[in-house]
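Below: one structure, written as structure tokens.
Indexing begins at 1, ligand by ligand and atom by atom, following the structure's order.
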Amino acid sequence: MRNTQDTQSIFELSKPGRRAARLPECDVPECSLRELLPAKMVADAPPALPELSEPAIVRHFVNLSTLNMSVDTHFYPLGSCTMKYNPKRNERAAAMPGFADLHPYQPEDTLQGMLQMLYEMQETLQEISGLDACSLQPAAGAHGELTALLVAAAYFRDIGEVRTKVLVPDNAHGTNPASAAMAGFESVTVKTTVDGFVDLSDLAAKLDDQVAVFMITNPSTLGLFEPNMRTVADEVHAHGGLIYLDGANMNAILGITRPGDWSPGKGGADMQHYNPHKTFSGPHGGGGPGAGPICVTKKLAPYLPVPVVVREARVARREALENDVKDNNSRPAPHDSQLFRYSLDFDQPKTIGRVRAFFGNVGVLLRAYAYIRTHGPDGLRRVSENAVLNANYLLSRVAHFLPVPQGRRCMHEFVASASQLKRDKNIAAMDIAKRLLDYGYHAPTVYFPLTVPEAMMIEPTESESKETLDAFTEVLFRITEEDADLLHDAPHTTAVSRPDEVRAARQPVLTYSAE
Ligand SMILES: *Cc1c(COP(=O)(O)O)cnc(C)c1O
């Protein structure tokens, strides 16, 4: 049973005069702000902040936090979002005072550890993607898409080619066409086949010398690896276009295949973004901070945002140190900071400029760095192998009662369809998603991709056990057997049942009313 305090806004809980902290009597003469500051900087009235005691504030926010679902509290198979467990050691690493207490305006010599981390992150992401250069600045996957398309635009401008179109398959994430439009391109849809792959004849029909970029998600949002990837890349390149990989699904292929290698000898992806908050276990959801680093080929590197982190060898010192070590075997090998100096390079005449303040969302990048270094190359490969194994296990069980139109096998996720159930019993994907909340499971992604009717996109990730997958399957099956009327008003156990989702997002009402 919840009490109403849980659903009252903090403003409704406010009582004039309540305080979380009280200051001691003032022992210096008081003077008004107006005497200290120019009049235009002083507000007419204090801000209307809620007034509460400290325990009331803590209870309010802790209770609110329990109304939500999270990876730490529930299974969260939200397809495309890779809601894997967020290891707590990453949090500890990112919170170390040597990182957390830095200020980006400090002199570079006092930021060497942070810059080394960022430099190694650039190198690591390049290695994983098989590409040559990296920018850590973009603040989210979608921002990475936009940045890479601006880089592509700058490249074509520079080589004197006018290209106005970006091709996007019909099952792409909505951010792809949106990024294309924001970067000033016309977004042109390319069809996919009934099997969920790029329709090569539609691609051929739309590919011309006006096409700047083909944006592809591979594995796709259906959890399928594009079998014609090499042909697609070669065709686009033959027309002078670039391949952009939407890297949101990198969790399926880490250490197994590299986008830059997809057409050996001819080049695969020319650019890609990562979602460290998905693939590399950064916490996300609720609009929290993410990051969207991008990697590109050598010819696109000059256009990347500035600054990039560069490393120079402290050559003279290095030789001296190495000789020292040779002469005296008991000496420890020279420390990285003795060998190299890291700095920020702003001197890139062809850069598109900055896309984000300072160096990007380094807190998120730090967590991702800790995750990558914890696993190492073999560990990252195992992450993907287990993610694919878990998804295929779940697929093989779920497909018995919720058809999976595209494929008996998948990569890290699959898309089931409730359309049969909708026809037979009037149970829609949305009803199942809502009812899952009553059973303590976060819903899968529903109604995406748009190419599958009543789509339910399920991504278990590698961090779930077989017991969890079995229990989830059983609940999912039970729901498909339930009475449609019960499902139409689900969820029954949450503080709010079915808000008007569009209006809730566009015109949020942040106060509670008892009706
Ligand atoms: C999540 C996602 C994006 C956008 O990434 P954000 O970090 O949310 O901006 C783009 N494409 C696909 C396929 C995604 O799943």
Side-chain angles (χ1 to χ4, degrees), residues 71 76-84 86 125 129 135-150 166-183 187 189-190 192 196 198 213-226 243-253 259 269 271-295 355-356 360-361 363-365 367-368 387 391 410-415 442 444-452 455-461 505:
V71 211
Y76 208 129
L78 193 66
S80 211
C81 295
T82 314
M83 304 298 289
K84 63 169 76 175
N86 313 141
L125 295 179
S129 62
S135 169
L136 301 174
Q137 254 188 41
H143 196 205
E145 294 169 21
L146 174 65
T147 305
L149 291 174
L150 293 174
V166 167
L167 303 185
V168 183
D170 57 13
N171 60 8
H173 197 264
T175 51
N176 289 192
S179 299
M182 282 184 76
S187 160
T189 305
V190 173
T192 52
V198 174
V213 179
F214 182 75
M215 298 180 88
I216 188 165
T217 310
N218 191 27
S220 70
T221 56
L222 293 167
L224 304 173
F225 196 89
E226 175 59 54
I243 297 282
Y244 179 83
L245 173 77
D246 178 329
N249 295 336
M250 287 300 285
N251 211 47
I253 59 172
M271 348 178 235
Q272 78 157 98
H273 78 258
Y274 287 91
N275 302 70
H277 45 293
K278 297 178 182 174
T279 313
F280 302 128
S281 82
H284 61 302
I294 57 171
C295 290
V355 296
R356 175 76 174 77
N361 283 341
V364 183
L365 297 170
R367 288 167 174 83
C410 64
M411 299 292 289
H412 63 301
E413 67 190 0
F414 61 93
V415 178
H442 195 282
T445 299
V446 289
Y447 300 107
F448 172 66
L450 305 175
T451 46
V452 177
M456 303 187 69
M457 183 198 262
I458 303 177
E459 179 179 8
T461 82

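Side-chain contact check for Asp246 versus His273: some heavy-atom pair is nearer than 4.5 Å.
With respect to atom 15 (O) of ligand 1, the closest heavy atom belonging to the protein is Ser80 OG, 2.6 Å. Among all protein heavy atoms, the one lying closest to atom 5 (O) of ligand 1 is Asn275 ND2, 2.9 Å. For atom 9 (O) of ligand 1, the nearest protein heavy atom (residue, atom name, distance) is Ala142 N, 2.8 Å. Remark: minimum distance from atom 11 (N) of ligand 1 to any protein heavy atom is reached at Asp246 OD2, 2.6 Å. The single protein non-hydrogen atom nearest to atom 6 (P) of ligand 1 is Gly141 N, 3.4 Å, given as residue, atom name and distance.
Side-chain N/O atoms of Thr192 and Asp170 include a donor and acceptor closer than 3.5 Å. Side chains of Arg367 and Asn86: no donor on one and acceptor on the other come within 3.5 Å.
For the pair Lys278 and ligand 1, the shortest N or O to N or O distance falls below 3.5 Å. Checked by distance only, ligand 1 and His277 come closer than 3.5 Å through their nitrogen or oxygen atoms.
Here the side chain of Glu413 pairs no donor or acceptor atom with the backbone of Ile458 at under 3.5 angstrom. In this structure a side-chain-to-backbone donor-acceptor pair under 3.5 Å is missing from Tyr274 to Gly144.
Between His277 and His284, the ring-plane angle classifies as perpendicular under the 30° and 60° cut-offs.
Interface of Glu145 with ligand 1, defined as ligand atoms under 4.0 Å from a residue heavy atom, comprises 10 (C), 11 (N). Listed by number with element, the atoms of ligand 1 under 4.0 angstrom from any heavy atom of Ala248 are 2 (C), 11 (N), 12 (C), 13 (C), 14 (C), 15 (O).
Between Asn249 and the options His412, His173, Lys278, a side chain to side chain donor-acceptor pair (under 3.5 Å) holds for only His412.
Ligand 1 is never approached by His284 to a heavy-atom distance shorter than 4.0 Å.
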